[in-house]
Amino acid sequence: MDDKITIIEGPPPVFEQVQDGWAMSLNEGPNLNVTALTRLRTFNGPALVERCYRAWHNQIPIHLHYRNEMGLEQTAPIMAARTVETDDGHVLLLWVYLDSEKVEYEIDVGDDDGFEDDFDE
């Protein structure tokens, strides 16, 4: 079980597209993967980060194991991990690779109701 981090309960993870240069630079190779960030609440974030570090130190890949919106099991290779302590507990930040053929983007254009232009008519 040390080769994966499993989401046991709760909704599927939300993946955010990564725009950080350091994270995008790790995506080199013959396959085009999408680098994404997900934030997960956890009881012991430092232990999960330590699990990732041990796997990487031993040159073993580690994966995020979760269920998607349809309830199907999926995995994503983890490329970086960090934990942050908040008032509500630990939050685990995981940077993962997603298959570019299976990624769907959602674009939030914000609230345009208050938009006024400066054009004279």
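Just so you know, these numbers use all the heavy atoms, side chains as well, and skip hydrogens, waters and symmetry mates.
In this structure, Arg54 places its CZ atom where more than 12 heavy-atom neighbours from other residues, nucleotides or ligands lie under 6.0 Å away.
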Practice task
In sequence, state the C-alpha distance, the side-chain angles, and the governing distance for Tyr66 and Gln74, and then conclude on side-chain contact (heavy atoms from CB on, under 4.5 Å).
Solution key: CA-CA 5 Å; Tyr66 63 97; Gln74 290 191 289; 3.6 Å; yes
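Hydrophobic clustering (side-chain heavy atoms under 4.5 Å, transitive across Ile, Leu, Val, Met, Phe, Trp, Tyr) keeps Val14 apart from Val96. Both Val18 and Val84 belong to a single network of hydrophobic side chains, linked directly or stepwise wherever heavy atoms of I, L, V, M, F, W or Y lie under 4.5 Å apart.
Side-chain N or O atoms of Asn58 include none that pairs as donor or acceptor with a backbone N or O of Ile60 at under 3.5 Å. With hydrogens and angles disregarded, no donor-acceptor distance shorter than 3.5 Å links the side chain of Thr6 to the backbone of Ile8. Panel note: side chain Arg51, backbone Lys4; a donor-acceptor pair is recorded below 3.5 Å.
Here the closest heavy-atom approach between residue Arg67 and residue Pro12 is recorded as O-CB, 3.3 Å. The minimum heavy-atom distance linking Ile62 with Ala55 is given by the pair CB-CB, 4.1 Å. Between Leu98 and Ala76, the closest heavy-atom pair is CD2-CB, 3.9 Å.
In this structure, the separation between OH on Tyr97 and CD1 on Ile78 is 12.0 Å, given to the nearest 0.5 Å. A distance of 5.5 Å separates CZ in Phe15 from CG in Leu64, rounded to the nearest 0.5 Å. To the nearest 0.5 Å, atoms CG (Leu94) and CE (Met79) are separated by 11.0 Å. Here the CD1 atom belonging to Ile5 is positioned 5.0 Å from the CG atom belonging to Leu48, to the nearest 0.5 angstrom. Here the CG atom belonging to Asn44 is positioned 8.0 Å from the OG1 atom belonging to Thr83, to the nearest 0.5 angstrom. To the nearest 0.5 Å, atoms NE2 (His65) and CD (Glu73) are separated by 4.0 Å.
For the pair Leu40 and Pro13, the minimum side-chain heavy-atom distance is below 4.5 Å.
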